[in-house]
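Computed from a predicted structure; not experimentally measured.
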Amino acid sequence: MSNADLSKYKTIETIVGAVINGAFSLLFVFLIFGAMEQVSMQGESGLLLDSIPQGLAIGFMGAFFPSFLTRKRIRNGQLKLDTTPQGRSFLPVNPILRGVIFAVFGALLSISLFAILIFGGNITALSFMHVAILKTFWGVVLGAIVAAISIRLALRDYGQPG
């Protein structure tokens with residue numbers, strides 16, 4: 001696979017991850033907060049606490065599926081690398097374990113973002129529309145970050161011989 005094809009593969013998979021995670025984030029905003037006019041930032045039904053499962057889900061799915069599919073494509077010959085990538089990463093090669101690591105990473109980033117909004121921005125509540133926009137945007141951004149990193153690591157780790 002040429003460098004241009006490999007770059008195209010990374011870009012497409014990153015965009016797919018971003019769009020899917022944005023769509024799921026929006027869906028869950030409607031399921032969880034759809035009946036609310038205002039959504040609190042803190043408390044049992046607040047965005048700070050809700051950011052944890054969003055980060056966990058995006059981190060896990062955003063790393064597991066690209067890792068699993070890239071490994072499968074390399075093994076089946078659908079994705080051929082012209083050169084052997086240099087060295088493996090420190091991550092486990094099992095896509096499920098990678099997903100768990102990225103899930104923790106996603107949750108930590110998510111709770112950090114919402115904590116900054118609450119404590120740094122002094123935001124106590126948002127309208128439903130603002131929540132929908134914020135959570136969808138965050139799903140797209142975090143999904144893209146996780147997919148981009150996990151795809152590059154998958155190509156590096158699964159492209160190794162033996």
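- Of the possible polar contacts, none joining the Thr136 side chain to the Ile133 backbone as a donor-acceptor pair under 3.5 Å is found.
- Of all heavy-atom pairs between Ala147 and Thr14, the closest is CB-CA, 4.0 Å.
- The nearest pair of heavy atoms linking Leu56 to Val104 is CD2-N, 4.3 Å.
- The number of heavy-atom neighbours closer than 6.0 Å to CZ of Phe28, taken from other residues, nucleotides and ligands shown, is 12 or below.
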Inset, instruction - Would you please test Phe114 and Asp50 for side chain to side chain contact (heavy atoms under 4.5 Å, CB included) and show each step? - result: CA-CA 9 Å; Phe114 285 90; Asp50 181 69; over 6 Å; no
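- Closest heavy-atom contact between Ile74 and Ala154: CD1-O, 4.4 Å.
- Partner of Lys135 under the side-chain contact (heavy atoms from CB on, under 4.5 Å) criterion, chosen from Val140, Val39, Val29: Val29.
- A heavy-atom distance below 4.5 Å is found between the side chains of Lys10 and Ile151.
- Under the 3.5 Å distance criterion, the side-chain polar atoms of Arg75 are left unmatched by any main-chain donor or acceptor of Arg71.
- With sequence neighbours excluded, the residues that form a side-chain hydrogen bond (donor to acceptor under 3.5 Å, both in side chains) with Ser89 are Asp157.
- Under the 4.5 Å side-chain heavy-atom criterion for grouping Ile, Leu, Val, Met, Phe, Trp and Tyr, Leu134 is connected to Leu31 within one hydrophobic cluster.
- Using a distance-only test at 3.5 Å, with no hydrogens or angles considered, a donor-acceptor pair links the side chain of Asn21 to the main chain of Gly17.
- Side-chain contact, Trp138 with Ser110: a donor N or O sits under 3.5 Å from an acceptor N or O.
- The two residues Ser25 and Ile58 have their closest heavy-atom pair at OG-CD1, 3.7 Å.
- Residues passing the side-chain hydrogen bond (donor to acceptor under 3.5 Å, both in side chains) test with Ser67, sequence neighbours excluded: none.
- The main-chain N or O of Gln78 is never found under 3.5 Å from a side-chain atom of Asn76 such that the two would form a donor-acceptor pair.
- Cluster annotation: Val19 is not connected to Met61 through the hydrophobic network of ILVMFWY side chains, with a link wherever side-chain heavy atoms come within less than 4.5 Å.
- Of all heavy-atom pairs between Ser150 and Gly62, the closest is OG-O, 3.2 Å.
- A donor-acceptor pair shorter than 3.5 Å cannot be found between the side chains of Tyr158 and Arg73.
- No side-chain heavy atom of Arg88 sits less than 4.5 Å from a side-chain heavy atom of Arg156.
- The minimum heavy-atom distance linking Pro53 with Leu49 is given by the pair CD-O, 3.2 Å.
- Hydrophobic cluster membership is shared by Val146 and Ile96, with clusters built from Ile, Leu, Val, Met, Phe, Trp and Tyr side chains linked at under 4.5 angstrom.
- Ser127 and Glu37 share no donor-acceptor pair across their side chains, judged by distance under 3.5 Å alone.
- In terms of hydrophobic clustering, with Ile, Leu, Val, Met, Phe, Trp and Tyr side chains grouped at heavy-atom distances under 4.5 Å, Phe119 and Leu108 are assigned to different clusters.
- Taking 4.5 Å as the limit, some side-chain heavy atom of Leu126 sits within range of a side-chain heavy atom of Met41.
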Inset, instruction - Apply the test ring pair (Phe, Tyr, Trp, His ring centres under 6.0 Å) to residues Phe105 and Phe60: give CA-CA distance (whole Å), side-chain angles for both, the deciding distance (0.1 Å), then the verdict. - result: CA-CA 9 Å; Phe105 168 75; Phe60 183 81; over 10 Å; no
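- Listed for the Ser45 side chain is no donor-acceptor partner under 3.5 Å among the backbone atoms of Ser40.
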